[in-house]
Amino acid sequence: MDSTTFSPSTTPEIDSVEALLDFIDSHPMGPENWIDFGAVDIEETLFDPTEWLIHPDPNEKVRAPKLYEFLVLLLNNERYSAYASWIDKEEGVFEIHNPAQVVKLWEKVKSRKAKQKMNFDTFSRGIRMYYAKGDMIPTYTRYTYRFASTK
DNA sequence: TAGTAGGAACCAG
DNA sequence: CTGGTTCCTACTA
């Protein structure tokens with residue numbers, strides 16, 4: 001509505017996807033206003049919560065990404081090319097260059113109430129769950145994964 | 001030693 | 001029930 005309501009100076013601390021979703025819940029607004037939140041510096045990387053929102057269609061509620069959605073957003077964001085990048089985008093093949101940072105990013109995007117610290121073992125198990133569903137194909141190669149469909 | 005695949009129990013939403 | 005998360009065994013570089 002009133003765009004001044006969403007200016008960075010008048011919004012609370014929004015440094016996670018969870019905080020952003022909470023704010024959007026209490027302040028109805030469209031994607032055009034998401035840009036107004038600014039970004040925070042997290043471990044030498046600019047983290048912008050609005051980059052990690054999923055909004056399939058206007059009817060569906062805005063939400064945090066699922067794991068495969070998170071991977072696609074990460075891969076298609078040039079700012080994170082040092083974290084992970086496509087090897088063959090047409091074939092859906094990609095490589096994770098900085099596993100530790102990718103896992104930290106995933107934790108931040110999911111805003112888990114960490115019982116334990118997530119590590120690459122648990123993160124990669126999440127990816128491997130997609131093999132059985134047919135959404136991903138094993139590559140048997142270090143830090144290398146493949147989407148079954150480029151869709 | 002550190003990654004990969006995948007079974008099984010578990011759990012928050 | 002979904003979408004992971006936690007834990008673990010087996011295999012390979």
Checklist entry - Closest nucleotide of DNA chain C for A:Lys133 versus for A:Asn119: which of these residues is on the 5' side? => result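 Closer to the 5' end of DNA chain C: A:Lys133.
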Checklist outcome for this item: Comparing nearest nucleotides in DNA chain C, the 5'-proximal residue of the pair A:Lys66, A:Thr122 is A:Lys66
Next on the checklist: Would the distance check show the side chain of A:Lys110 and the main-chain N or O of A:Leu67 forming a donor-acceptor pair, the cut-off being under 3.5 Å?
Outcome noted: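 No, because the side chain of A:Lys110 does not come within donor-acceptor range (under 3.5 Å) of the backbone of A:Leu67.
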Next on the checklist: Looking at A:Arg125 and C:dG4, is any side-chain donor or acceptor paired with a base atom of the opposite kind under 3.5 Å?
Outcome noted: no
Write down the distance between [atom1] ([X]) and [atom2] ([N]), rounded to a whole number of angstrom.
X        : N      : atom1 : atom2 : result
A:Tyr130 : C:dG3  : OH    : P     : 8 Å
A:Ile127 : B:dG6  : CD1   : P     : 14 Å
A:Phe123 : B:dA5  : CZ    : P     : 13 Å
A:Met118 : B:dC11 : CE    : P     : 16 Å

Item to check | Near-ring test A:Phe147/A:Phe94, centroid separation under 6.0 angstrom | outcome: yes
Checklist entry - OP1, OP2 of C:dG4 versus side-chain N and O of A:Trp106: anything below 4.0 Å? => result no
Checklist entry - Any ion pair linking A:Lys61 and A:Asp25 (charged N to carboxylate O, less than 4.0 Å)? => result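 Salt bridge: yes.
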Short N/O separations, protein against nucleotides 1-4 of chain B, under 3.5 angstrom:
unit_1 : atom_1 : unit_2   : atom_2 : d
B:dG3  : OP1    : A:Tyr143 : OH     : 2.6
B:dG3  : O5'    : A:Tyr143 : OH     : 3.2
B:dT4  : OP1    : A:Tyr143 : N      : 2.8
B:dT4  : OP1    : A:Tyr145 : OH     : 2.9
B:dT4  : OP2    : A:Tyr145 : OH     : 3.4

Checklist entry - Should we say atom CD of A:Glu60 is surrounded by more than 12 heavy atoms from elsewhere, each under 6.0 Å from it? => result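 More than 12 within 6.0 Å, yes.
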